[in-house]
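Report on one structure; see the data block that follows.
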Amino acid sequence: MGEFFVWAHRGASALAPENTLAAFRIAEAAGADGLELDVQLSSDGVPVVVHDDTVDRTTDGQGAVSDLTLAELGRLDAGSWFDGTFAAERIPTLEEVLKWGVGRLRFNVEIKDSAAGQAVLDLACRYHRAQIVVSSFDHALLATLRCRAPDLPLAFLWEQAEWAAAVERAAACRAVSFHPRFDCLAAELVTACHCHGMAVYPWTVDDPAALEHCRRLAVDGVFCNDPVQVVAWR
């Protein structure tokens with residue numbers, strides 16, 4: 001196994017408001033290898049970086065992301081809920097994040113809303129120098145993206161105890177990695193993925209004992225909320 005890869009989950013989300021440029025900058029400064037971020041579509045079809053399908057939890061606004069225009073989303077405060085020092089943070093677009101980080105970090109772009117699939121693919125093609133892997137729980141969407149983009153790196157997300165069929169689907173789709181929830185991790189799962197040439201990155205792991213467990217199972221890295229802590233452990 002190569003270097004243990006540290007993905008910052010929604011950026012350094014333990015240290016800054018998730019899925020903001022502040023969280024991504026802190027993750028980079030901490031030494032994270034890559035950024036995990038979530039994508040939804042605005043009402044006018046722009047991929048924006050936000051986890052929930054509403055803005056209620058992580059901004060001072062209300063309503064579904066898909067009901068708000070990019071301009072309306074851009075006026076929301078996406079930082080104060082975490083800490084007042086982040087009050088200037090806004091919901092970034094995926095393009096803004098790619099422009100900022102291209103050539104510096106890898107990106108794990110999780111598609112939360114399948115309607116965003118084509119828009120994400122279009123950006124991945126435009127920013128061909130960016131190191132992007134597209135992930136989703138929607139495996140049918142990933143299969144569709146594979147047909148449209150034979151070389152696009154894909155990753156299958158999983159959160160159930162029974163994983164064998166999902167691993168086979170991922171292998172058939174030529175996924176580069178498999179992302180199980182930590183409590184679904186098993187030695188047999190890691191072995192099966194490695195036999196198919198897929199890396200394994202469980203989520204979300206910050207506890208030192210859990211990290212040691214991942215190391216013993218020979219996973220390739222983890223998704224974490226606190227990259228400062230995990231990089232230091234590494």
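If you read the sequence from its start, that first residue is 1, and numbering goes on from there.
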Within this structure, what is the NE2-CH2 distance for the pair His179 and Trp203, rounded to the nearest 0.5 Å? 11.5 Å
Is Phe24 linked to Val134 within one hydrophobic cluster, defined over Ile, Leu, Val, Met, Phe, Trp and Tyr using a side-chain heavy-atom separation of less than 4.5 Å? yes
Give the minimum heavy-atom separation between Leu141 and Gly117, together with the two atoms involved. CD1-CA, 4.3 Å
Between Arg146 (side chain) and Ala149 (backbone), is there a donor-acceptor pair under 3.5 Å? yes
Considering non-hydrogen atoms only, spot the tightest contact between Val205 and Val230 and give its length. O-CG2, 3.9 Å
Going from OG1 on Thr144 to CG on Asp138, what distance comes out if it is rounded to the nearest 0.5 angstrom? 8.0 Å
Residues pairing under ring pair (Phe, Tyr, Trp, His ring centres under 6.0 Å) where one sits in residues 94-131, two or more places apart or in two chains, turn out to be none
Test side chain to side chain donor-acceptor pair (under 3.5 Å) applied to Glu168 and His196, step by step: CA-CA 9 Å; Glu168 291 301 319; His196 285 297; 3.1 Å; yes
Salt bridge (charged side-chain N to carboxylate O under 4.0 Å, His left out) contacts touching residues 94-106 (sequence neighbours left out): Glu28-Arg104, Glu95-Arg126
Quick one: pull up CZ in Phe182 and OG1 in Thr204 and give me the separation to the nearest 0.5 Å. 11.0 Å
Under the side-chain contact (heavy atoms from CB on, under 4.5 Å) rule, what do Leu145 and Val120 come out as? Steps first, then yes or no, please. CA-CA 10 Å; Leu145 293 177; Val120 169; over 6 Å; no
Under 4.5 Å between any side-chain heavy atoms of Leu189 and Cys184, yes or no? no
Does some side-chain heavy atom of Leu73 sit less than 4.5 Å from a side-chain heavy atom of Val50? no
Can you list the steps and then say if Leu123 with Val109 is a side-chain contact (heavy atoms from CB on, under 4.5 Å)? CA-CA 11 Å; Leu123 278 175; Val109 178; over 6 Å; no
Does Arg129 CZ have over 12 foreign heavy atoms under 6.0 Å away? no
Under 3.5 Å: donor-acceptor pair, side chain of Arg169, backbone of His139: no
Measure the acute angle between the ring planes of Phe223 and Tyr201, then classify it against the limits of 30° and 60° as parallel, tilted or perpendicular. perpendicular
Taking the side chain as everything from C-beta on, heavy atoms only, tell me whether Phe137 gets closer than 4.5 Å to Glu110. yes
All heavy atoms of Gly61 vs all of Val55, minimum pair found to be C-CG2, 3.6 Å
Side-chain heavy-atom pair Phe86, Asp77 within 4.5 angstrom cut-off: no
Looking at Ala64, is its backbone amide N or carbonyl O close enough to the side chain of Thr54 to form a donor-acceptor pair, meaning the two atoms are under 3.5 Å apart? no
Which pair of heavy atoms, one from Ala187 and one from Leu217, lies closest together, and at what distance? CB-CD2, 3.7 Å
When you measure from the side chain of Asp206 to the backbone N and O of Asp226, does any donor-acceptor pair fall under 3.5 Å? yes
Atom SG of Cys193 and atom CH2 of Trp163: how far apart are they, to the nearest 0.5 Å? 7.5 Å
I'd like to check Leu37 versus Leu94 (side-chain heavy atoms, cut-off strictly below 4.5 Å). Are they in contact? yes
ILVMFWY cluster, Met198 and Leu185 together (side-chain gap under 4.5 Å): yes
Could you tell me if Thr69 and Asp44 have a donor-acceptor pair between their side chains, going purely by distance under 3.5 Å? no
Val48 reachable from Trp81 in the ILVMFWY side-chain graph, under 4.5 Å edges: no
Only one of Val222, Asn225, Asp38, Asn19 clears side-chain contact (heavy atoms from CB on, under 4.5 Å) with His9; which? Asn225
Determine whether a donor-acceptor pair (N or O, by modelled atom type, separation under 3.5 Å) exists between the side chain of Asp56 and the backbone of Gly63. yes
Show the numbers, then the answer: is there a side-chain contact (heavy atoms from CB on, under 4.5 Å) between Thr191 and Glu188? CA-CA 5 Å; Thr191 298; Glu188 296 83 0; 5.6 Å; no
Decide if the gap between the ring center of Trp7 and the ring center of Phe5 is smaller than 6.0 angstrom. yes
Distance, nearest 0.5 Å, that separates CD1 of Ile91 from CD of Gln40: 10.0 Å
Flag yes if Leu157 and Val176 sit in one hydrophobic cluster, no otherwise; membership is Ile, Leu, Val, Met, Phe, Trp, Tyr, and two members link when side-chain heavy atoms are under 4.5 Å apart. yes
Same cluster (ILVMFWY, side-chain, under 4.5 Å), Leu35 and Val228: no
Closest non-hydrogen contact found for Asp220 with Ala199 is OD2-CA, 3.3 Å
For the side chain of Arg174 and the backbone of Pro150, is there at least one donor-acceptor N/O pair under 3.5 Å apart? yes
Test log, rule side-chain contact (heavy atoms from CB on, under 4.5 Å), inputs Asp113 and Asp53: CA-CA 8 Å; Asp113 176 5; Asp53 56 6; over 6 Å; no
For the backbone of Ala8 and the side chain of Glu36, can you confirm whether one donor and one acceptor N or O come within less than 3.5 Å of each other? no
When every non-hydrogen atom of Glu89 is compared with those of Pro17, the smallest separation belongs to CG-CG, 4.3 Å
Hey, are the side chains of Leu21 and Val97 touching, using non-hydrogen atoms and a 4.5 Å cut-off? yes
Could you measure the distance from the CZ atom of Arg25 to the CG atom of Leu105? Nearest 0.5 Å is fine. 12.0 Å
Would you check, one step at a time, whether the test side chain to side chain donor-acceptor pair (under 3.5 Å) holds for Asn108 with Ser135? CA-CA 7 Å; Asn108 183 111; Ser135 68; 2.9 Å; yes
